[in-house]
Amino acid sequence: MKLLMLGGTEFVGRSVVEEALGRGWEVTVFHRGRSAPPTGVEVRIGDRSVPGGLAALEDGSWDAVVDTWKGAPSAAREAARLLSGRVGRHLYISSRSVHPFPSAAGLDEDGPVVDGSPDDTSDDDYARAKRGAELAVQEAFGDRAVLARAGLVLGPYENIGRLPWWLGRIARGGPVLAPGPRELPLQYIDARDLAVWALDALRDGIPGGAYNLVSPTGHATMGELLDACVRVTGSDAELRWADPDAVTAAGIEPWTELPVWLPPGELHDTLHRGDVSKALATGLRCRPVAETVADTWEWLRSIGGTAPLHPGRPTPGLSPEKEAAFWAK
């Protein structure tokens, strides 16, 4: 197959490109030229956030296009319109954030979504921007559009810093604040499993529409995730499990200061208890958490131990001072 990847140099986009190349597909990567794509692709340079930025895509045809755009929906709209007559199918990597926050446990793809418009020129509201881009893609491609609504994404190339922070913290060793309960179920997806599902979906021509793209809830637990970090780093870290109420009472922020983790309750149900039966029925398979952790650690070590964070995003993680203060109480 001939694949056009809009992006393709970082995290999810790069995982898609590498999977496609591994299948022997012909891959064209359209990006801004700020980082290098994998070798073996055709490169087209452009910045669709500026006037005339899509000029490099005015010729050519492809079997499918994958887009990870998270900026203004109007840019996704222009790209989709330009390509709709020369590309067979469009897979847009969206987000479960298009559902109102918080949402009830067990929410599926037919649940309520936020307002959005394909004509929005702002990306100030992430959920609205993703929803607007969904509408833009569907407007241009109709039932040839697949919306992959990802949740928490982990794995090699992660430029958000969530799993890399845990690996770095545990590698330092010593007592580690482990937010409980240990059996807390997680719902996430390895970027490579997302890539496999996406390319299979394009190859097999699954019905258009939205699909929740995360693992079944409880595919791993918080304990299994952190235990895997201890094993792969080989450190002397001691996981000290703390009651979730004690953690939040100490002013420690879930998700940001303790990445991945949300205490039991409404927010946890929103992020970690979505219905993924539709994706599972179309072939989604999720690798063991130990493999995701080990491969992310190997990647981190190969680049010097520090994940390159996406520009403009806050650095996740708990400071050593705040962690020590928790135990001092």
Worked check of side-chain contact (heavy atoms from CB on, under 4.5 Å) between L213 and I93: CA-CA 9 Å; L213 256 293; I93 297 178; over 6 Å; no

C229 and L167: CA distance, side-chain angles, deciding distance, side-chain contact (heavy atoms from CB on, under 4.5 Å) verdict: CA-CA 6 Å; C229 291; L167 284 162; 3.8 Å; yes

side-chain contact (heavy atoms from CB on, under 4.5 Å) assessment of L202 paired with D200: CA-CA 5 Å; L202 292 170; D200 285 351; over 6 Å; no

Worked check of side-chain contact (heavy atoms from CB on, under 4.5 Å) between D190 and L154: CA-CA 5 Å; D190 188 302; L154 303 176; 6.0 Å; no

Criterion salt bridge (Lys or Arg N to Asp or Glu O under 4.0 Å) on D67 and R48, from CA distance to verdict: CA-CA 12 Å; D67 190 3; R48 56 175 143 170; 2.6 Å; yes

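Using a 4.0 Å cut-off between charged nitrogen and carboxylate oxygen, E19 and R23 count as a salt-bridge pair. Between E18 and R14 there is a salt bridge, with a side-chain nitrogen of the basic residue lying less than 4.0 Å from a carboxylate oxygen of the acidic one. A salt bridge between E224 and R182 is absent, with no side-chain N of the basic residue lying under 4.0 Å from a carboxylate O of the acidic one. Using a cutoff of 4.0 Å between basic side-chain nitrogens and carboxylate oxygens, R86 and D59 are not scored as salt-bridged. Here R128 pairs with D120 in a salt bridge; the nearest charged N to carboxylate O distance falls below 4.0 Å. Electrostatic pairing of E257 and K322 counts as a salt bridge here, judged by a charged N lying under 4.0 Å from a carboxylate O. Using a cut-off of 4.0 Å between Lys/Arg side-chain N and Asp/Glu carboxylate O, R96 and D275 are scored as not salt-bridged. The pair E134-R131 counts as a salt bridge, with a side-chain nitrogen and a carboxylate oxygen less than 4.0 angstrom apart. Between D63 and R89 there is no salt bridge, since none of the side-chain N atoms of the basic residue sits less than 4.0 Å from a carboxylate O of the acidic one.
In this structure the side chain of L280 reaches within 4.5 angstrom of the side chain of P216, judged on heavy atoms. Counting only heavy atoms from C-beta outward, the side chains of L258 and P179 approach each other to under 4.5 Å. Counting only heavy atoms from C-beta outward, the side chains of V65 and L83 approach each other to under 4.5 Å. In this structure, the side chains of L239 and I170 come closer than 4.5 Å at one or more pairs of heavy atoms. Side-chain contact between L57 and R44: present, with at least one pair of heavy atoms (C-beta onward) separated by less than 4.5 Å. Side-chain contact between L163 and V293: present, with at least one pair of heavy atoms (C-beta onward) separated by less than 4.5 Å. The closest side-chain heavy-atom distance from L177 to W241 is not below 4.5 Å. The side-chain heavy atoms of T9 and R34, taken from C-beta on, include no pair separated by under 4.5 Å.
In the hydrophobic clustering of this structure, Y157 does not group with L6; members are Ile, Leu, Val, Met, Phe, Trp, Tyr whose side-chain heavy atoms approach within less than 4.5 Å, directly or through other members. The hydrophobic cluster containing F101 does not contain Y126, counting ILVMFWY residues as joined when their side-chain heavy atoms lie under 4.5 angstrom apart, directly or transitively. Under a hydrophobic-cluster definition in which Ile, Leu, Val, Met, Phe, Trp and Tyr are linked whenever side-chain heavy atoms come within less than 4.5 Å, directly or via other members, L91 and W25 are assigned to the same cluster. Transitive grouping of hydrophobic side chains (ILVMFWY, heavy atoms separated by less than 4.5 Å) brings V66 and V43 into a common cluster. The same ILVMFWY cluster, assembled from side-chain heavy atoms under 4.5 Å apart, contains both M1 and V16.
In this structure, R172 and P320 approach most closely via the heavy-atom pair NH2-CG, 4.4 Å. For P316 against L309, the heavy-atom pair with the smallest separation is CD-CD1, 4.2 Å. Closest heavy-atom contact between D236 and G174: OD1-N, 3.2 Å. Across A133 and P73, no two heavy atoms sit closer than the pair N-CB, 3.7 Å. Closest non-hydrogen pair, V146 versus G208, comes out as CG2-CA, 4.2 Å. The shortest heavy-atom contact between P185 and R273 is CG-NH2, 3.5 Å.
The OG atom of S97 sits 7.5 Å away from the CG atom of L271 when rounded to the nearest 0.5 Å. Between atom CG of residue L284 and atom CG of residue L194 there is a gap of 8.0 Å, rounded to the nearest 0.5 Å. From Q138, atom CD reaches atom CG of L135 across 6.5 Å, with rounding to the nearest 0.5 Å. Rounding to the nearest 0.5 Å places CH2 of W255 at 12.5 Å from CH2 of W261. Considering CG of L4 and CD of E42, their distance stands at 9.0 Å, rounded to 0.5 Å. For the atom pair CD of E10 and OG of S35, the computed distance is 4.5 Å after rounding to the nearest 0.5 Å.
Atom CG of D108 sits in a crowded spot, with more than 12 heavy atoms from other residues, nucleotides or ligands closer than 6.0 Å. For CG of D143, the number of neighbouring non-hydrogen atoms (other residues, nucleotides, ligands) closer than 6.0 Å is 12 at most.
Formation of a donor-acceptor pair under 3.5 Å by the H99 side chain with backbone atoms of P112 is found in this model. Listed for the E158 side chain is no donor-acceptor partner under 3.5 Å among the backbone atoms of G155. A distance-only check finds a donor-acceptor pair linking the side chain of D193 to the backbone of R287 [under 3.5 Å]. The backbone N or O of V260 sits less than 3.5 Å from a side-chain atom of H272, completing a donor-acceptor pair. Using a distance-only test at 3.5 Å, with no hydrogens or angles considered, a donor-acceptor pair links the side chain of K278 to the main chain of A210. Side-chain atoms of E298 never come within 3.5 Å of backbone atoms of S302 as a donor-acceptor pair (strictly under, hydrogens ignored). In this structure, the side chain of T270 engages the main chain of S103 through a donor-acceptor pair within 3.5 Å. Although no hydrogens or angles enter the test, the distance criterion places a donor-acceptor pair under 3.5 Å between the side chain of R144 and the main chain of S84. No donor-acceptor pair under 3.5 Å is formed between the side chain of Q187 and the backbone N or O of G218. Here the side chain of E266 pairs no donor or acceptor atom with the backbone of A104 at under 3.5 angstrom.
Using a 3.5 Å distance cut-off with no hydrogens or angles, the side chains of W197 and T282 do pair a donor with an acceptor. Donor-acceptor pairing under 3.5 Å is recorded for the side chains of W62 and T28.
Under a cutoff of 6.0 Å and an axis angle of 45°, R169 and W166 do not form a cation-pi pair. Both tests pass for R240 against the ring of W327: distance under 6.0 Å to the centre and angle within 45° of the axis.
Aromatic ring centroids of W69 and Y92 lie 6.0 Å or more apart.
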